[in-house]
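See structure below.
Order of appearance sets the numbers: ligands from 1, and atoms from 1 within every ligand. Worth knowing before you read on, the calculation uses all heavy atoms, side chains too, and leaves out hydrogens, waters and symmetry mates.
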Amino acid sequence: MSVQEALHPQDLNAAFAADAAARLKGKKAEDIIAFAQGAWGDKFAIVSSFGAESAVLLHLVAQIDRNIPVIFLETDRHFAQTLAYRDELIERLGLTNVVNQRPDAEEAAAEDPKGDLWRKDSDACCALRKVRPLDRVLSGYEAWATGRKRFQGGLRANLAIIEFDGVHFKVNPLAEWTPEDIAAYTALHDLPAHPLVEQGFPSIGCWPCTKPAESNDRSGRWAGTDKTECGIHTGGGRRTETLES
Ligand code: SF4
């Protein structure tokens with residue numbers, strides 16, 4: 001029996017991700033996106049929060065293919081400024097395939113009838129409004145790209161360029177970027193800023209769970225709690241390979 005025959009398909013996928021991550025180390029973000037599009041074709045999507053630094057990844061994607069699906073988790077708890085910024089970027093970048101993925105209406109009515117689940121159980125609220133909606137829409141894809149960076153720290157500090165979470169490949173074209181890289185790219189391409197950035201929000205999610213922060217990090221997200229991630233990168237019992245590339 002060969003080594004490959006002895007490996008479980010999940011292990012083969014993890015090995016593919018690790019090998020791709022190693023080969024893509026130091027490559028330009030556009031090359032990483034192009035690799036993913038070549039590897040997974042129409043089974044590859046972008047997931048964007050249209051938050052503070054989202055314009056960079058979306059601009060990179062638009063230079064390659066404006067019709068790559070861009071999934072936006074419409075939680076019904078976004079700042080009005082985020083929705084306006086989403087529409088501005090769609091127009092500005094010419095994105096033609098933005099998918100607004102909402103929570104299931106019946107689940108929302110049953111699990112959050114008063115609309116205040118975020119106050120009582122933020123993990124359950126994120127599961128209802130982010131994790132399960134994303135799982136549903138991603139059932140049609142093999143790989144998705146995120147805008148996460150290692151400098152954001154926490155669980156992201158050792159982020160690989162390509163991961164396999166047991167179900168999907170996750171592509172992180174900006175993993176190696178620094179805050180200076182983000183600022184330089186934004187200035188070079190004259191990309192519009194999220195309107196809340198100048199009001200002291202370096203990271204922007206749903207309005208109930210986002211506060212201004214002094215440092216350029218995610219400390220304003222679920223501030224005052226132990227929670228640092230909504231669960232779309234850590235939940236569902238899926239295994240995520242965070243192999244250093
Ligand atoms: S970030 Fe807050 S409001 Fe948004 S889904 Fe999670 S708990 Fe709910």
Side-chain angles (χ1 to χ4, degrees), residues 45-55 57-58 69-87 89 98-139 141 144-149 152-156 159 165 167-168 170 172 174 193-197 199-238 240:
I46 312 297
V47 175
S48 178
S49 65
F50 288 85
E53 295 166 343
S54 296
L57 179 61
L58 294 172
V70 176
I71 297 166
F72 172 65
L73 293 174
E74 169 47 289
T75 63
D76 295 326
R77 296 291 179 272
H78 283 293
F79 292 97
Q81 292 93 329
T82 296
L83 302 181
Y85 187 55
R86 173 199 59 186
D87 295 344
L89 286 178
V98 174
V99 177
N100 293 299
Q101 176 72 0
R102 309 188 89 96
D104 179 85
E106 289 186 9
E107 290 181 2
E111 299 173 27
D112 193 9
K114 296 181 179 176
D116 61 352
L117 185 57
W118 59 270
R119 199 191 307 272
K120 294 179 282 192
D121 187 341
S122 60
D123 286 342
C125 186
C126 282
L128 168 69
R129 299 184 179 281
K130 291 187 174 184
V131 177
R132 296 201 306 264
L134 183 62
D135 280 349
R136 280 194 285 271
V137 71
L138 284 180
S139 65
Y141 297 93
W144 53 292
T146 86
R148 292 175 299 164
K149 280 82 62 178
Q152 291 173 314
L155 295 175
R156 304 181 179 199
L159 190 63
D165 69 4
V167 179
H168 293 97
K170 290 164 70 173
N172 305 302
L174 305 181
H194 190 296
L196 290 177
V197 170
Q199 295 183 37
F201 293 79
S203 177
I204 300 159
C206 298
W207 65 261
C209 304
T210 305
K211 298 277 186 296
E214 292 192 0
S215 55
N216 183 25
D217 61 18
R218 288 168 51 84
S219 62
R221 307 288 295 278
W222 305 282
T225 76
D226 292 337
K227 186 176 171 77
T228 60
E229 297 279 351
C230 64
I232 66 171
H233 299 299
T234 58
R238 293 195 301 268
T240 298

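Looking only at protein heavy atoms, the nearest one to atom 8 (Fe) of ligand 1 is Cys125 SG, 2.3 Å. Here the heavy atom of the protein found nearest to atom 2 (Fe) of ligand 1 is Cys209 SG, 2.3 Å.
Side chain of His194 to main chain of Ser203: no donor-acceptor pair is present (N/O by atom type, distance under 3.5 Å, no hydrogens or angles). Of the possible donor and acceptor atoms, one in the side chain of Asp112 sits under 3.5 Å from a partner among the backbone N and O of Asp116.
Among the backbone and side-chain atoms of Cys126, no N/O/S atom is found under 2.8 Å from atom 4 (Fe) of ligand 1.
Across all non-hydrogen atoms, the minimal contact from Arg102 to Pro133 is O-CB, 3.8 Å.
Checked by atom type, the side-chain pair Arg156/Asn172 shows no donor-acceptor distance below 3.5 Å.
Near Arg129, the atoms of ligand 1 lying under 4.0 angstrom from a non-hydrogen atom of the residue are 5 (S).
Partner of Val70 under the side chain to side chain contact (heavy atoms under 4.5 Å, CB included) criterion, chosen from Leu57, Val99, Val47, Val98: Val98.
Of the candidates Ser122, Ala127, Pro208, Cys206, it is Ser122 that places a heavy atom closest to atom 7 (S) of ligand 1.
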